[in-house]
Visitor: 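Below is the structure I would like to discuss, written out as structure tokens.
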Amino acid sequence: MNDVIQTPYYLIDKSLLLRNMERIARVREASGAKALLALKCFATWSAFDFMRDYMDGTTSSSLNEVRLGHERFGKETHAYSVAYADYEIDEVVSHADKIIFNSISQLERYADNAAGIVRGLRLNPQVSSSSFDLADPARPFSRLGEWDLSKVEAVMDRISGFMIHNNCENSDFSLFDRMLGQIEERFAPLLRKAEWVSLGGGIHFTGDDYPIDQFAERLKRFAGEYGVQVYLEPGEASITKSTTLEVTVLDTLFNGKNLAIVDSSIEAHMLDLLIYRESAKVAPNAGPHRYMICGKSCLAGDIFGEFHFEHELKVGDRISFQDAAGYTMVKKNWFNGVKMPSIAIRELDGSIRTVREFDYADYEQSLS
Ligand SMILES: Cc1ncc(COP(=O)(O)O)c(C=O)c1O
Ligand SMILES: NCCCCNCC[C@H](N)C(=O)O
């Protein structure tokens, strides 16, 4: 480990990223589907030069993301947002090849602004793989996409394709397959009129044991059946298991349990875990000494989780939280003014370079 970098820092390992990139490239090749990086999940642009060769471009959720995708990644740039504002639509269009509206009313409002690029609409199939209410696009009263076939048919003259995002961390190919079947049953008349369909993200197809060939075959069959270009929007699947959050123990206590406080904060640096009530991961998580690893913010529940270690923890010990790329760097914040983790990249030759450090000026400038 490189001791010259001050913790906390996110460490992106290109050799681990490469594993995901190669799987994505294999699916693209075998299925004909295009793969766009979902910037909402991972937007650390220092890694884009490396990822670009394996992916077709980016997809976005806002003006800032579409601009970043266009300027830093290039290739194909999809724009999507739950709702665009009048003051941003022209700039969004200037950065995008394709724009996907979330609702028919947004399409009608901005169809003319977007007349020069490809336009599409988000469909909501009202079925999802999410076990989290918070991340379930098909939750009751969902605002995410249109579902009424006749209303969508009426605007087909203004669009040429659809985006359907209803998977969430779905590592079960048969569930993906079944839900795609339900989408086909429900939306076949629309799919037949489309030129392209994005199946969104949330499909864990770069995970170990995922039946990549069956997946690719299913995508190819779908594309052939409806005569469409299929897109995937992998966020988590692009960067899964590629990155750690490196932290240092600052203090230890015993309060009925062994506690160790580290120079980071789950609230500030791995917020998704807190939101979804999940534990961080430490590897190998084995040994006789069990500790609750706590963040240094004032939040009582700023706890990364409980883990096993081979030896007693002491001040200065290093801990690596695993799988720290997705929805971490894009969500990090200045809560408590806790030092924001630097970002470092381990190159394929093993050398590590710091690509970003944050200091007091960044904290100060985030406020006024
Ligand atoms: C429209 C859309 N595409 C892609 C993604 C990326 O999902 P994941 O990171 O789970 O692959 C999301 C997640 O919010 C999304 O809403
Ligand atoms: N680990 C708990 C669930 C995470 C949900 N993933 C991110 C959001 C997702 N892409 C979505 O909202 O659809």
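In each ligand, atom 1 is the first atom listed, and ligand 1 is the first ligand listed.
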Visitor: Assess whether a salt bridge exists between K40 and E65, defined as any Lys/Arg side-chain N lying under 4.0 Å from an Asp/Glu carboxylate O.
Guide: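 Salt bridge absent between K40 and E65.
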
Visitor: Ignoring hydrogens, just give me the one of G202, P137, G326, A135 whose non-hydrogen atom is nearest atom 11 (O) of ligand 1.
Guide: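 Among G202, P137, G326, A135, the closest heavy atom to atom 11 (O) of ligand 1 comes from G202.
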
Visitor: Just going by heavy-atom distances, which of E169, E233, K40 is nearest to atom 4 (C) of ligand 2?
Guide: E169

Visitor: Going by the order shown, which atoms of ligand 2 are within less than 4.0 Å of some heavy atom of E278?
Guide: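 Listed by number with element, the hits are 1 (N), 2 (C).
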
Visitor: Do any heavy atoms of Y80 fall under 4.0 Å from ligand 1?
Guide: no

Visitor: Between Y327 and ligand 2, is there a nitrogen or oxygen pair with a distance under 3.5 Å?
Guide: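 Yes, since at least one N or O of Y327 sits under 3.5 Å from an N or O of ligand 2.
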
Visitor: Quick one: does M163 get within less than 4.0 Å of ligand 1, heavy atoms only?
Guide: yes

Visitor: Say you draw a straight line from CG of L36 to OG1 of T59; how long is it, rounded to the nearest 0.5 Å?
Guide: 6.0 Å

Visitor: Hey, what do you get for OG (S238) to CE (M55), rounding to the nearest 0.5 Å?
Guide: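 The CE atom of M55 is 3.5 Å from OG of S238, to the nearest 0.5 Å.
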
Visitor: Tell me the contacting part of K40 for ligand 1: side chain, backbone, both, or neither, using a 4.0 Å heavy-atom threshold, strictly below.
Guide: side chain

Visitor: Please identify which atoms of ligand 1 are closer than 4.0 Å to at least one heavy atom of E233.
Guide: 1 (C), 2 (C), 3 (N), 4 (C), 6 (C)

Visitor: Out of all atoms in ligand 2, which are within 4.0 Å of some heavy atom of F132? Include the element for each.
Guide: 2 (C), 3 (C)

Visitor: Salt bridge or not for E22 and R26, using N-O below 4.0 Å?
Guide: no

Visitor: Give me the ring orientation class for F304 and F321: parallel if the planes are under 30° apart, tilted from 30 to 60°, perpendicular past 60°.
Guide: parallel

Visitor: Looking only at distance, does T59 have an N or O less than 3.5 Å from an N or O of ligand 1?
Guide: no

Visitor: At a 4.0 Å threshold, what atoms of ligand 1 neighbour a non-hydrogen atom of E236?
Guide: 8 (P), 9 (O), 11 (O)

Visitor: Please list the nearest protein heavy atom to atom 12 (O) of ligand 2 with its residue and the distance rounded to 0.1 Å.
Guide: A135 CB, 3.9 Å

Visitor: Below 3.5 Å, N or O to N or O, backbone or side chain included: is there any such pair between G235 and ligand 1?
Guide: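 Yes - when backbone and side-chain N and O of G235 are compared with those of ligand 1, one distance drops under 3.5 Å.
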
Visitor: Run the contact test for H165 against ligand 2 with a 4.0 Å cut-off on heavy atoms, strictly below, and give the result.
Guide: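 Checking ligand 2 against H165, which is what was asked, there is a heavy-atom contact under 4.0 Å.
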
Visitor: Under a 4.0 Å N-O cut-off, is there an ion pair linking R19 with D208?
Guide: yes

